[in-house]
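Chain letters run A, B, ... following the sequence lines, proteins first and then strands; every chain starts at 1.
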Number of protein chains: 2
Amino acid sequence: MQIDKSLMAGSTTLLILSLLREGEKYGYEMIAELARRSDDTFQLKEGTLYPILHGLEKEGAVKSCRREAENGRERKYYRITAAGLSLLEEKTQQWALFTEKVNAVIGAAVPAGV
Amino acid sequence: MQIDKSLMAGSTTLLILSLLREGEKYGYEMIAELARRSDDTFQLKEGTLYPILHGLEKEGAVKSCRREAENGRERKYYRITAAGLSLLEEKTQQWALFTEKVNAVIGAAVPAGV
DNA sequence: ATTCCATGCATAGACCATCTATGTATCAGG
DNA sequence: CCTGATACATAGATGGTCTATGCATGGAAT
């Protein structure tokens with residue numbers, strides 16, 4: 001099943017920050033990693049990811065540095081900052097609250113044992 | 001805590017159809033009901049709800065009829081159709097899949113026992 | 001050698017769902 | 001009378017994602 005695009009909105013930043021929490025990563029890698037962990041449910045496009053990363057850097061949530069990788073290619077590695085960590089925490093709490101409330105509404109419409 | 005607006009995108013239709021599954025309702029009532037069940041987390045605006053209802057009616061997921069209520073006011077009651085029920089089922093499954101995958105990604109970043 | 005594909009970053013414009021801001025109309029209460 | 005709650009409606013702004021495209025490099029195949 002394919003996920004409706006609009007559902008993705010709002011959670012992309014949460015997903016990206018979650019990945020960066022484990023260590024620095026570069027753009028292309030994050031796209032592949034998101035696809036892998038979600039069993040190809042999340043297939044983030046480059047045109048989506050890069051603007052988000054630039055925005056996060058602009059607000060100080062991540063920092064980047066260009067570096068040559070082992071394969072000789074130049075990559076731009078992103079690292080999460082202290083501000084990024086607290087942003088991640090906020091987003092995580094919002095996500096938990098949001099899913100809880102949605103489930104409260106739709107769950108009420110589909111009572112388990114009634 | 002206030003939920004980021006963009007998180008709402010995509011799930012509004014699911015919420016509305018869920019409400020209508022229990023029986024016919026009118027617009028103003030749905031807004032109040034959503035707020036109540038979500039402890040005021042979801043405060044849908046009229047400018048958001050009515051266009052959605054019109055769209056759902058256009059695609060045959062709901063049907064409406066104007067009727068005078070006990071209080072003498074004229075209301076527009078919406079009823080979910082068979083097509084609406086299958087749309088609801090699809091949206092519900094998408095929601096379940098989506099939350100599962102998001103949790104897989106962000107959960108992987110915060111392993112419980114490691 | 002040349003072509004093609006994967007890697008890797010980047011941006012402009014389109015798209016779509018929601019919000020803001022209004023507008024209309026009725027009814028109850030001060 | 002005038003305000004506020006009820007009730008529906010629409011236009012325009014906003015914001016996040018997608019599509020499409022561009023550039024550049026390296027490896028593999030013909």
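- Phosphate contact (OP1/OP2 of C:dT20, side-chain N/O of B:Lys45, threshold under 4.0 Å): present.
- Regarding B:Glu68, its CD atom lies at a distance of 18 Å from the P atom of C:dA25, rounded to whole Å.
- Between B:Leu7 atom CG and C:dA17 atom P there is a gap of 17 Å when expressed in whole angstrom units.
- As rounded to whole Å, 15 Å separates atom C1' of C:dT18 from atom CD of B:Gln43.
- Between B:Thr12 and C:dT18 there is a side-chain polar atom (N or O) within less than 4.0 angstrom of OP1 or OP2.
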Are there any protein N/O atoms within less than 3.5 Å of an N/O atom in nucleotides 8-12 of chain C, and if so, which ones and at what distance?
from	atom 1	to	atom 2	distance (Å)
C:dG8	OP1	A:Asn71	ND2	3.2
C:dG8	OP1	A:Arg75	NE	2.8
C:dG8	OP1	A:Arg75	NH2	2.6
C:dG8	OP2	A:Tyr26	OH	3.1
C:dC9	OP1	A:Lys76	N	3.0
C:dC9	OP1	A:Lys76	O	3.4
C:dC9	OP2	A:Gly27	N	3.4
C:dC9	OP2	A:Tyr28	N	2.8
C:dC9	OP2	A:Tyr50	OH	2.8
C:dC9	O5'	A:Tyr50	OH	3.4
C:dC9	O3'	A:Arg66	NH2	3.3
C:dC9	N4	A:Glu46	OE1	2.7
C:dA10	OP1	A:Lys76	NZ	2.6
C:dA10	OP2	A:His54	NE2	3.0
C:dT11	OP2	A:His54	ND1	3.2

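- Atom CD1 of A:Ile3 and atom P of C:dA17 are 16 Å apart (whole Å).
- Remark: the A:Tyr77 side chain and the A:Arg79 side chain contain no N/O donor-acceptor pair separated by less than 3.5 Å.
- One atom, CZ of B:Arg67, and another, C1' of D:dA7, lie 15 Å apart when rounded to the nearest Å.
- Nucleotide D:dC8 holds its P atom 13 Å from the CD1 atom of B:Ile16, rounded to whole Å.
- For B:Lys5 and D:dT14, the NZ to C1' distance is 8 Å, given to the nearest whole Å.
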Validation: residues 81-93 of chain B side-chain donor-acceptor distances under 3.5 Å, sequence neighbours left out:
from	atom 1	to	atom 2	distance (Å)
B:Thr81	OG1	B:Gly60	O	2.6
B:Thr81	OG1	B:Ala61	O	3.0
B:Thr81	OG1	B:Ala83	N	3.4
B:Thr81	OG1	B:Gly84	N	3.0
B:Ser86	OG	B:Ala83	O	3.0
B:Thr92	OG1	B:Leu88	O	2.7

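- Between B:Lys76 and B:Glu29, no side-chain nitrogen of the basic residue sits less than 4.0 Å from a carboxylate oxygen of the acidic one, so the salt-bridge criterion is not met.
- Among all heavy-atom pairs drawn from B:Leu14 and A:Ile106, the shortest one is CG-CG2, 3.9 Å.
- Here the C1' atom of nucleotide D:dG16 and the CG atom of A:Leu49 are 14 Å apart, to the nearest Å.
- For the 3.5 Å distance criterion, the side chains of B:Ser6 and B:Asp4 qualify, holding a donor opposite an acceptor.
- For B:Asp40, the salt bridge (Lys or Arg N to Asp or Glu O under 4.0 Å) test picks out no residue, with sequence neighbours left out.
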